[in-house]
Amino acid sequence: MTIGIIGSGAMGSGIAQVAAENGCVVYVNDNREEALQTASGRLKALMKKLVAKDKRTQEQADNILENVHYTSKAEDLEHCDLVIEAIVESLEVKKEVFRWLEKIVSEDCILATNTSSLSISAIAAACHKPERVIGIHFFNPAPLMPLVEIIPALQTAAQVIEKSKALIDSWGKVTVIVKILLDL
Ligand SMILES: NC(=O)c1ccc[n+]([C@@H]2O[C@H](COP(=O)([O-])OP(=O)(O)OC[C@H]3O[C@@H](n4cnc5c(N)ncnc54)[C@H](O)[C@@H]3O)[C@@H](O)[C@H]2O)c1
């Protein structure tokens, strides 16, 4: 499975690690080259520490590092099965990024946001295919926090909810589906 992550800050980096630890190939995108370099350096340092503490074997650490690709090139996201956006908490910026993403990824790719407070339905409404948009809300730090909220937009297709839940469950997380009664 190929996962795209937009934003290599606290959340994006942590989610990328979780996905890579579970055998996914991950492309982490950021519009700041220095953020990508920082995230890459941080993951390398963390893996070194975990190996030193016998919490990962050298082989596991090498596999994780090989699985995560840091890129500022949009086209690297084109083969993703799921893209999780974890950028600045701004509805306008997220809408713009989702519109941009839709032009890059395949028709079947699920588009998720890690937003803590914005309307998933409003983000979905900006998209050509709103039924593939969903909230997948990890807590900080993502590698350590077991709970992940699956937050459908009003427009999200049932199959997208099921697929998202099954994938995050397979990463060893505890998922809850959050029912939105009124999404403003
Ligand atoms: N930090 C938390 O405790 C926490 C917990 C749960 C959810 N969230 C949510 O996760 C999201 C990210 O939060 P964070 O704390 O990781 O933020 P952050 O500031 O640490 O990282 C955001 C990253 O996104 C990049 N970015 C900004 N605009 C971009 C764009 N257009 N394209 C590509 N990259 C872009 C920035 O360069 C930065 O590296 C937010 O929506 C936030 O509400 C945060």
Side-chain angles (χ1 to χ4, degrees), residues 1-9 11-33 35-36 39-40 63-88 90-115 118-138 142 148-171 173 175 177-178 180 183:
M1 167 111 10
T2 304
I3 308 293
I5 307 282
I6 313 290
S8 63
M11 296 312 296
S13 296
I15 300 166
Q17 184 191 331
V18 174
E21 299 235 36
N22 286 282
C24 295
V25 173
V26 186
Y27 288 90
V28 182
N29 174 280
D30 203 292
N31 59 3
R32 287 188 309 120
E33 195 59 48
L36 290 171
S40 166
N63 286 340
I64 291 162
L65 292 173
E66 263 173 38
N67 276 350
V68 187
H69 307 274
Y70 295 90
T71 178
S72 52
K73 284 192 243 148
E75 59 269 27
D76 285 338
L77 299 168
E78 71 185 346
H79 299 302
C80 288
D81 302 291
L82 163 70
V83 177
I84 304 176
E85 165 278 311
I87 63 163
V88 60
S90 153
L91 182 59
E92 286 316 307
V93 180
K94 285 188 194 287
K95 278 165 60 173
E96 203 177 298
V97 165
F98 273 70
R99 281 192 211 106
W100 165 79
L101 262 177
E102 272 203 310
K103 291 183 195 144
I104 299 161
V105 299
S106 72
E107 285 285 300
D108 299 333
C109 177
I110 294 176
L111 300 182
T113 174
N114 190 52
T115 182
L118 301 173
S119 160
I120 317 290
S121 304
I123 296 171
C127 293
H128 177 60
K129 276 190 75 179
E131 65 275 16
R132 58 143 131 205
V133 176
I134 191 162
I136 301 184
H137 184 228
F138 287 81
V148 177
E149 293 174 322
I150 307 290
I151 314 168
L154 294 171
Q155 306 95 317
T156 310
Q159 205 195 14
V160 170
I161 304 171
E162 280 160 30
K163 272 193 184 172
S164 303
K165 180 177 169 14
L167 176 68
I168 306 301
D169 284 341
S170 79
W171 291 355
K173 296 295 185 187
T175 52
I177 297 181
V178 178
I180 302 292
D183 193 6

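Any value given below was found using the heavy atoms of this structure, including those in side chains, with hydrogens, waters and symmetry copies removed.
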Nearest 0.5 Å please: distance from the [atom1] atom of [X] over to the [atom2] atom of [Y].
| X | Y | atom1 | atom2 | answer |
| --- | --- | --- | --- | --- |
| Ile5 | Ile87 | CD1 | CD1 | 13.0 Å |
| Met1 | Leu82 | CE | CG | 7.5 Å |
| Asp108 | Arg132 | CG | CZ | 8.0 Å |
| Ile177 | Lys165 | CD1 | NZ | 5.5 Å |
| Glu33 | Tyr70 | CD | OH | 12.5 Å |
| Ile84 | Ile15 | CD1 | CD1 | 5.0 Å |

What's the shortest heavy-atom distance between [X] and [Y], and which atoms?
| X | Y | answer |
| --- | --- | --- |
| Met11 | Phe138 | CE-O, 3.4 Å |
| Val68 | Ala16 | CG2-O, 4.3 Å |
| Val26 | Ala20 | CG2-N, 3.8 Å |
| Ala86 | Gly12 | CB-N, 3.8 Å |
| Gly4 | Cys80 | N-SG, 3.4 Å |
| Ser119 | Ala122 | OG-N, 2.9 Å |

Are [X] and [Y] close enough that some pair of their side-chain heavy atoms sits under 4.5 Å apart?
| X | Y | answer |
| --- | --- | --- |
| Asn114 | Glu85 | no |
| Phe98 | Val133 | yes |
| Thr113 | Ile120 | yes |
| Val18 | Ile168 | no |
| Thr71 | Leu36 | no |
| Val105 | His79 | no |
| Ile110 | Val83 | no |

key: Full working for side chain to side chain contact (heavy atoms under 4.5 Å, CB included) between Ile6 and Trp100   = CA-CA 11 Å; Ile6 313 290; Trp100 165 79; 4.0 Å; yes

Is there a donor-acceptor contact under 3.5 Å from the side chain of [X] to the main chain of [Y]?
| X | Y | value |
| --- | --- | --- |
| Ser164 | Val160 | yes |
| Lys129 | Glu107 | yes |
| Asp81 | Cys109 | no |
| Ser8 | Val28 | no |

Worked verdict on Asp76 versus Asn29 for side chain to side chain contact (heavy atoms under 4.5 Å, CB included) = CA-CA 9 Å; Asp76 285 338; Asn29 174 280; over 6 Å; no

ask   = Is the shortest distance from a Lys or Arg side-chain nitrogen in Glu102 or Arg99 to a carboxylate oxygen in the other one below 4.0 Å?
value = no

Side chain to side chain contact (heavy atoms under 4.5 Å, CB included) between Thr156 and Glu131, intermediate numbers included = CA-CA 4 Å; Thr156 310; Glu131 65 275 16; over 6 Å; no

ask   = Without hydrogens or angle criteria, can the side chains of Thr175 and Asp169 be said to hold a donor-acceptor pair below 3.5 Å?
value = yes

message = Under the criterion side chain to side chain contact (heavy atoms under 4.5 Å, CB included), I'd like the reasoning laid out for Ser121 against Gln155: C-alpha separation, chi angles, the key distance, then a yes or no.
response = CA-CA 7 Å; Ser121 304; Gln155 306 95 317; 3.5 Å; yes

